[in-house]
Amino acid sequence: MVTEEDKIFAKNFRIDDLSDVPAGLPRHRKLKQNRVVSKKDASVDTADAIYSGGYVSSGVDNSVKLENFYEDFKVDVISCTETDMEFDMIGIDAAFANAFRRILIAEVPSMAIEKVLIAYNTSLIVDEVLAHRIGLIPIAADPRLFEYLTENDQPNEKNTIVFKLHVKCPKGQPRLQVLTNELQWLPNGSEFLKETGGSTSTSNSNSKPKTYTSFSCSQDSLPEYAESPITPTYLDILIAKLSPGQEIELEAHAVKGIGKTHAKWSPVGTAWYRMLPEVVLLGEVEDEKAERLVKVCPQNVFDIEDMGNGRKRATVAQPRNCTLCKECIRDHDLVDLVDLRSVKNHFIFKIESTGSLPPDVLFTEAVKILEDKCELVLADLS
């Protein structure tokens, strides 16, 4: 007969409270939760279970909590130069890492040449191709100091940068290479005059002839550019080659834009990420097998440790270099000795800037843009 005490005990009984029941996820389930395992034929456990009930049967709360994010999330900078940056993002989902990548490529603004006014071009490159080549030249100018140029705006010192190119190859001289160092910044704006009906356009006889820009002041008067003139990021990019007697004269107007509109406005040469590789030896790999394992890896992930008495043992020396090419597990004698994994919440992120802004500043701007997107969503939901 079931007593009242038995009913109370059955109601409050939890198997996890027993002393001989291990807490949390078992080892194989923990591996499935946090690692992607690369097998010989395909990768397994690639999906993320980010909803709260993903591991509720094991007594693990898998819900996303802000306090847990504060504790787990971390950014470690591995290297940073003027153009390249490598850092680790730890404790974050792949969706956020991909969001940063897409924002860096398509939504962080930069300055790029949008309009090319060609006055003279006798080179072999036709006007359209020449304008396209010039448009792809990266400009070393901080886009945060400029405004967007809309259809209703006049090009002025706040939204336009003007460059001049005038190069001629003299007769009797060898062919001339036209490089980006020939692009001359015009801080006072355009020098080409607007013409209407064959005559120069002026408001009256005493006014200044109208050009294609309306600068009220010189850009080099701004403190940001007083000591560092605006130039192309790289001064040795080939624009064209001129034969004797050929000439190019043009103006190039750069404006602010984003990579979503055109790739020339993308501030990064590339921005990409990969999960942190984890290489585990499941057993002792010694002697001939150790030498074979070291030799078969193209990324020098493994090394040989001398154990004395002529014995050698393979060790994992540089797991970060692993590209998961799987060469080490294609060998039938090694496939059961090496386990290739990727950490699901640890990403190696790399940014290569085109030169408009340093890569660390670009990432900071990407974070701001993602923050603005989140605030917009919250505003729509409230």
Side-chain angles (χ1 to χ4, degrees), residues 110-141 146 149 151 153-203 207-222 225 228-257 262-265 354-356:
S110 67
M111 304 298 291
I113 294 171
E114 169 69 358
K115 183 184 294 185
V116 179
L117 307 177
I118 299 177
Y120 202 71
N121 177 26
T122 57
S123 69
L124 292 178
I125 303 179
V126 297
D127 293 353
E128 293 82 0
V129 176
L130 180 60
H132 181 264
R133 289 179 64 84
I134 293 176
L136 294 176
I137 296 172
I139 306 300
F146 293 90
L149 177 64
E151 295 181 357
D153 293 334
Q154 289 292 327
N156 55 52
E157 71 280 0
K158 297 180 180 180
N159 57 33
T160 304
I161 302 173
V162 181
F163 294 95
K164 177 183 178 181
L165 177 65
H166 191 186
V167 183
K168 183 177 182 180
C169 181
K171 293 183 179 181
Q173 298 293 325
R175 296 183 68 188
L176 177 66
Q177 288 189 344
V178 182
L179 305 179
T180 46
N181 61 1
E182 299 288 347
L183 281 171
Q184 179 186 354
W185 175 40
L186 300 180
N188 293 310
S190 174
E191 294 180 351
F192 283 1
L193 303 181
K194 279 189 175 182
E195 295 185 356
T196 304
S199 61
T200 302
S201 175
T202 58
S203 57
S207 65
K208 182 181 177 181
K210 287 188 176 180
T211 61
Y212 287 88
T213 58
S214 301
F215 282 23
S216 59
C217 67
S218 177
Q219 288 176 329
D220 58 5
S221 64
L222 301 176
Y225 300 114
S228 56
I230 299 175
T231 63
T233 303
Y234 304 100
L235 301 179
D236 56 351
I237 300 176
L238 180 65
I239 298 176
K241 290 184 179 181
L242 298 182
S243 296
Q246 293 181 347
E247 181 180 0
I248 294 177
E249 183 181 4
L250 58 82
E251 271 189 3
H253 296 192
V255 298
K256 186 176 179 178
H262 194 284
K264 65 185 177 184
W265 278 298
T354 59
S356 60

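None of the values given here were measured: they were computed from a predicted structure.
Between the Thr180 side chain and the Leu235 main chain, a donor and an acceptor come within less than 3.5 Å of each other. Checking side-chain atoms of Thr213 against main-chain N and O of Gly189 turns up no donor-acceptor pair under 3.5 Å. Of the possible polar contacts, one joining the Thr233 side chain to the Thr354 backbone as a donor-acceptor pair under 3.5 Å is found. The backbone N or O of Lys210 sits nowhere less than 3.5 Å from a side-chain atom of Lys194 that would complete a donor-acceptor pair.
Residues His253 and Tyr212 form a side-chain contact, since some pair of their non-hydrogen atoms from C-beta on lies under 4.5 Å apart. Between Phe215 and Gln154 the shortest side-chain heavy-atom distance does not fall below 4.5 Å. Within the 4.5 Å cutoff, no side-chain heavy atoms of Val255 are placed close to those of Asn159. Residues Ile237 and Leu179 have side chains not in contact (no heavy-atom distance under 4.5 Å, counting atoms from C-beta outward). Leu130 places none of its side-chain heavy atoms less than 4.5 Å from the side chain of Glu128. Looking at heavy atoms from C-beta onward, Asn121 lies out of side-chain contact with Leu250 at the 4.5 angstrom threshold. Side-chain contact between Ser123 and Gln246 is present, with at least one heavy-atom pair separated by less than 4.5 Å. Counting heavy atoms from C-beta on, the side chains of Ile239 and Ile125 never come closer than 4.5 Å.
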* To do: Just do the side-chain hydrogen bond (donor to acceptor under 3.5 Å, both in side chains) check on Ser216 and Glu157 with the steps written out, would you?
  => CA-CA 7 Å; Ser216 59; Glu157 71 280 0; 2.7 Å; yes
* To do: Assess whether side-chain contact (heavy atoms from CB on, under 4.5 Å) is satisfied between Leu186 and Glu191, documenting all intermediate values.
  => CA-CA 8 Å; Leu186 300 180; Glu191 294 180 351; 3.6 Å; yes
* **Steps toward side-chain contact (heavy atoms from CB on, under 4.5 Å) verdict (Phe146, Lys158)** => CA-CA 5 Å; Phe146 293 90; Lys158 297 180 180 180; 5.9 Å; no
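Note: Leu124 CG to Leu242 CG = 9.0 Å, rounded to the nearest 0.5 Å. Put simply, CG on Asn181 and OH on Tyr234 are 15.5 Å apart, with the number rounded to the nearest 0.5 Å. Taking CD1 of Ile161 as the start and CD1 of Ile113 as the end, the distance is 9.0 Å to the nearest 0.5 Å. The CH2 atom of Trp265 sits 11.0 Å away from the CG atom of Leu136 when rounded to the nearest 0.5 Å.
Nearest heavy atom pair, residue Leu165 against residue Glu182, reads CD1-CB, 3.4 Å. Scanning both residues, Ser243 and Cys169, for their nearest heavy atoms gives O-CB, 3.3 Å. Scanning all heavy atoms of the two residues, the minimum distance from Gln177 to Lys241 falls at NE2-CE, 3.7 Å. Nearest heavy-atom pair across Ile134 and Ala252 is CG2-CB, 4.1 Å. A pairwise comparison of heavy atoms in Pro232 and Ile137 identifies CB-CG2, 3.8 Å as the closest pair. Taking both residues in full, the closest heavy atoms of Thr160 and Gln219 are given as O-NE2, 2.7 Å, listed atom of the first, atom of the second, then distance.
Inspection of the Ser190 and Glu251 side chains reveals an N or O donor paired with an N or O acceptor under 3.5 Å. Under the 3.5 Å distance criterion, with hydrogens and angles disregarded, a donor-acceptor pair is assigned to the side chains of Ser218 and Asn188.
Residues satisfying the side chain to side chain donor-acceptor pair (under 3.5 Å) test with Lys264, not counting sequence neighbours, are Glu114. Every residue was checked against the side chain to side chain donor-acceptor pair (under 3.5 Å) condition with Thr231, not counting sequence neighbours, and none meets it. Listed by chain and residue number, nothing satisfies the side chain to side chain donor-acceptor pair (under 3.5 Å) test with Ser221 (two or more places apart in sequence, or in another chain).
Atom NE2 of His166 is surrounded by more than 12 heavy atoms from other residues, nucleotides or ligands within 6.0 Å.
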